[in-house]
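Just below is one structure, and these are the notes that go with it.
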Amino acid sequence: MTIQIPRGTYDVLPEDAFKWQKIEAAAREVCALFNYKEMRTPIFESTDLFQRGVGDTTDIVQKEMYSFKDRGDRDLTLRPEGTASFVRAYVEHKLFGQPSQPQKLYYIGPMFRYERPQAGRNRQFTQFGCEALGSADPSIDAEIIVLALTFYRKLGLKNLKLVLNSLGDPESRAAHREALIAHFKPSIGEFCEDCQKRLEKNPLRILDCKTDHNHPLMATAPSIIDYLNEASRDYFAKVKTILNEMGIDYELDPTLVRGLDYYNHTTFEIMGASQGAITTLMGGGRYNGLVSELGGPETPGIGFALSIERLLLALDVEGVSLDSDPSLDCFIVAIGDKAEQKAPVLLNQLRQAGLQADKDYMVRKVKGQFKQADRDRAKFVVVIGDEELNVQKAVVKNMADGSQDEVAFATLTDYLKKKI
RNA sequence: GCGGUUAUGGUGAAGUGGUUAACACACCGGAUUGUGGUUCCGGCAUGCGUGGGUUCGAUCCCCACUAACCGCCCCA
């Protein structure tokens, strides 16, 4: 039996790779525009990093990590997300000591989660993410959201919905937590098993439950918005004001609860048109305690991550095409043994002169060689055979209009460069 | 991790318990000793996801496994 690709992974074939290049180029351009610098961190890290960073109670850590021991008996994990690594690097290289703050950074790379694959969910997937470390200014919250929107719009996505919430600071969260427990505890038996477990661990997540979505207590549950203390409320108000003044539409959703433990204050998602159940294109939020949690000084931070796989699906649903028109300047058709010997030499000359050029390698007949030239979208075909070699001239055919010229070998590159 | 659907060539797909597994597209060749995108003709699955079972005989029936898709959970 032939070996198959691991479950939940996929190959990007040549016909699709150019889309990825375009998307990655767009991401880099937008980051340059917003003055975010690339940082590259390893694809695996100490398992501890994610346990402490992402949070022990999260689904990611509890059941989705690709963990292994290396030959030195170290516990390592293929990264399930990017923020923990970036914060680790920020602390490890003492980037908090750099004069330039906040450190505005981005990454594009593979992430790994052991999940049941379906459209828009893979075991290896690719995230583009940005992190701004060191600033607690509400305008950076707005900036990071706008960066993501700019990126999507640049690629032609229109059907986007920004959803916002605030989880408040630790004091606000604690107050809300108590209120939630008090609200649900008397009737928790009417809820699903998961919710019963959530009650003590993370009652916030009950609000996210799809099973008990219609339970009357859901509608009357205490909203985090009502439990924000003054500082938290004030901060959130400033973020919203900036977005308003920039003309950014958003929807407030007090039940927007992100799955990672490190979030506080502003959280957000961008939803898009997508196939099936998955519509979250991008998610992120503020994580003010994370740097100190991972051994650095008390430092605020905020970031987002988005999936390129889901972006591609959304582009598809919206009918946005990233198709380009790859073409070849020139294709050499060789007829006969002598010409076949000459072809690679001539081809090399064209290439060295900067022309995108190719020839047949399948011993095809003339007709077949022309077909290949057509598939490669060659603008010109250079035909050489015995007759041409005798007079040191090639027949050059313009594939668009079918016209032909005789061109001396010596002037071939000049001729083609002028025509292209 | 749970539930449902599916699995035939490079692709999209018909199909039957019994000798040669439709059709279309793509590809290769010929009509046109040396010219593509049109047309006509020809070629192209020792094989029907993998392993086992039932049977005189299985691509078709049964079981297991694997994978894909959809839903749940959760997320990007």
Requested in this report: Quote, to the nearest angstrom, the P distance that separates B:rG49 from B:rC41.
Outcome: 33 Å
**Report entry** Heavy-atom donor-acceptor pair, A:Arg364 side-chain to B:rC28 base, under 3.5 Å
**Finding:** no
Query raised in the report: Under a 4.0 Å N-O cut-off, is there an ion pair linking A:Arg52 with A:Asp48?
Result: no
Query raised in the report: Can you check B:rG47 for me, syn or anti if syn means within 90° of 0?
Result: syn
Query raised in the report: Is the phosphate of B:rA76, meaning OP1 or OP2, less than 4.0 Å from a side-chain N or O of A:Arg121?
Result: no
Query raised in the report: Looking at A:Gln404, does any N or O in its side chain come under 4.0 Å of the phosphate oxygens OP1/OP2 on B:rU35?
Result: no
Report task. Measure the acute angle between the ring planes of A:Tyr66 and A:Phe112, then classify it against the limits of 30° and 60° as parallel, tilted or perpendicular. Result -> perpendicular
Query raised in the report: Can you tell which of B:rG29, B:rG1, B:rA76 lies closest to the side chain of A:Thr280?
Result: B:rA76
Report task. Go through the structure and list residues passing side-chain contact (heavy atoms from CB on, under 4.5 Å) with A:Ala343, not counting sequence neighbours. Result -> A:Ile332, A:Ala334, A:Lys359, A:Ile384
Requested in this report: Kindly point out which of B:rC70, B:rA76, B:rC28 is positioned nearest to the side chain of A:Glu115?
Outcome: B:rA76
Query raised in the report: Taking NZ, NE, NH1 and NH2 as the nitrogens, is one of them in A:Glu318 or A:Lys158 under 4.0 Å from a carboxylate oxygen of the other?
Result: no
Query raised in the report: Does A:Lys104 pair with A:Glu143 as a salt bridge, N-O distance under 4.0 Å?
Result: yes
Query raised in the report: Just how far is it from atom CG of A:Asp329 to atom CG of A:Leu355, taken to the nearest 0.5 Å?
Result: 5.0 Å
Report task. Name the nucleic acid region contacted by A:Gly402, choosing base, sugar-phosphate or nothing; use a 4.0 angstrom heavy-atom cut-off, strictly under. Result -> base
**Report entry** Rounded P spacing from B:rG15 to B:rG34 in Å
**Finding:** 44 Å
Query raised in the report: The side chain of A:Phe370 lies closest to which of these nucleotides: B:rC70, B:rG36, B:rC74?
Result: B:rG36
Query raised in the report: Hey, does the side-chain of A:Arg113 have a donor or acceptor N/O within less than 3.5 Å of a partner on the base of B:rA76?
Result: yes
Report summary line: Here the ring-ring contact (aromatic ring centres under 6.0 Å, His included) pairs for residues 24-48 of chain A, sequence neighbours left out, are none
**Report entry** Separation between OH of A:Tyr235 and CG of A:Asp137, rounded to the nearest 0.5 Å
**Finding:** 6.5 Å
Requested in this report: Between B:rC56 and B:rA14, how far apart are the P atoms? Round to whole Å, please.
Outcome: 33 Å
**Report entry** Touch class at under 4.0 angstrom, heavy-atom based, for A:Ala373 against every strand present
**Finding:** nothing
Query raised in the report: If the C1' atom of B:rA68 is compared with that of B:rU38, how far apart are they to the nearest Å?
Result: 39 Å
Query raised in the report: For the side chain of A:Lys397 and the base of B:rG36, is some donor closer than 3.5 Å to an acceptor across the two?
Result: yes
Query raised in the report: According to a 3.5 Å limit on both distances, what stems of 3 or more consecutive Watson-Crick or G-U pairs are formed with RNA chain B?
Result: B:1-7 with B:66-72, B:10-12 with B:23-25, B:27-31 with B:39-43, B:49-53 with B:61-65
Report summary line: Between CE of A:Met65 and C1' of B:rG1 the distance, given in whole Å, is 17 Å
Query raised in the report: Counting side-chain heavy atoms from C-beta on, which of B:rC75, B:rG34, B:rC70 comes nearest to A:Val366?
Result: B:rG34
Query - Rounded distance (Å) that lies between atom P of B:rC74 and atom CZ of A:Arg116 - result: 16 Å
Report task. Would you indicate which nucleotide in B:rG34, B:rG36, B:rG1 comes nearest to any side-chain atom of A:Tyr114? Result -> B:rG1
Requested in this report: Give A:Met362 one of three labels, base, sugar-phosphate or nothing, depending on what nucleic acid heavy atoms sit under 4.0 Å from its own.
Outcome: nothing
**Report entry** Nearest-angstrom distance from the residue atom CD of A:Glu269 to C1' of B:rC75
**Finding:** 8 Å
Query raised in the report: Between the base of B:rC27 and the side chain of A:Arg375, is there any donor-acceptor pair under 3.5 Å?
Result: no
Report task. Could you give the distance separating B:rA45 and B:rG52 at their C1' atoms, to the nearest angstrom? Result -> 24 Å
Query raised in the report: Rounded to whole angstrom units, what separation is found between the CD1 atom of A:Ile108 and the C1' atom of B:rA76?
Result: 15 Å
Query raised in the report: Going by modelled atom types, is there a donor-acceptor pair between the base of B:rG34 and the side chain of A:Gln369 at under 3.5 Å?
Result: no
Report summary line: Of the candidates B:rG34, B:rC74, B:rC28, the side chain of A:Asp59 sits closest to B:rC74
Query raised in the report: Within the structure shown, what part of the strands sits under 4.0 Å from A:Gly284 by heavy-atom distance: base, sugar-phosphate, or nothing?
Result: nothing
Query raised in the report: At under 4.0 Å between heavy atoms, what does A:Gln124 touch on the DNA or RNA strands: base, sugar-phosphate, or nothing?
Result: nothing
Report task. Pick the P atom in B:rC75 and in B:rG3, then give their distance to the nearest Å. Result -> 23 Å
Requested in this report: Taking atom C1' in both B:rG47 and B:rA7, compute the distance separating them and give it to the nearest angstrom.
Outcome: 15 Å
Query raised in the report: Quick one: on RNA chain B, does A:Thr126 or A:Arg7 contact a more 5' nucleotide (nearest heavy atom)?
Result: A:Arg7
Query raised in the report: Considering heavy-atom distances to RNA chain B, does A:Glu309 or A:Ile384 have its closest nucleotide positioned more toward the 5' end?
Result: A:Ile384
Query raised in the report: Of the candidate nucleotides B:rG34, B:rC75, B:rC73, which contains the atom at the shortest distance from the side chain of A:Gln118?
Result: B:rC73
Query raised in the report: Can a salt bridge be assigned to the pair A:Arg351 and A:Asp358 using a cut-off of 4.0 Å between side-chain N and carboxylate O?
Result: yes
Query raised in the report: About how many Å separate CD1 of A:Ile242 and CD1 of A:Ile248, when rounded to the nearest 0.5 Å?
Result: 11.5 Å
Query raised in the report: If we take the P atom in both B:rU8 and B:rU59, what is their distance in whole Å?
Result: 15 Å
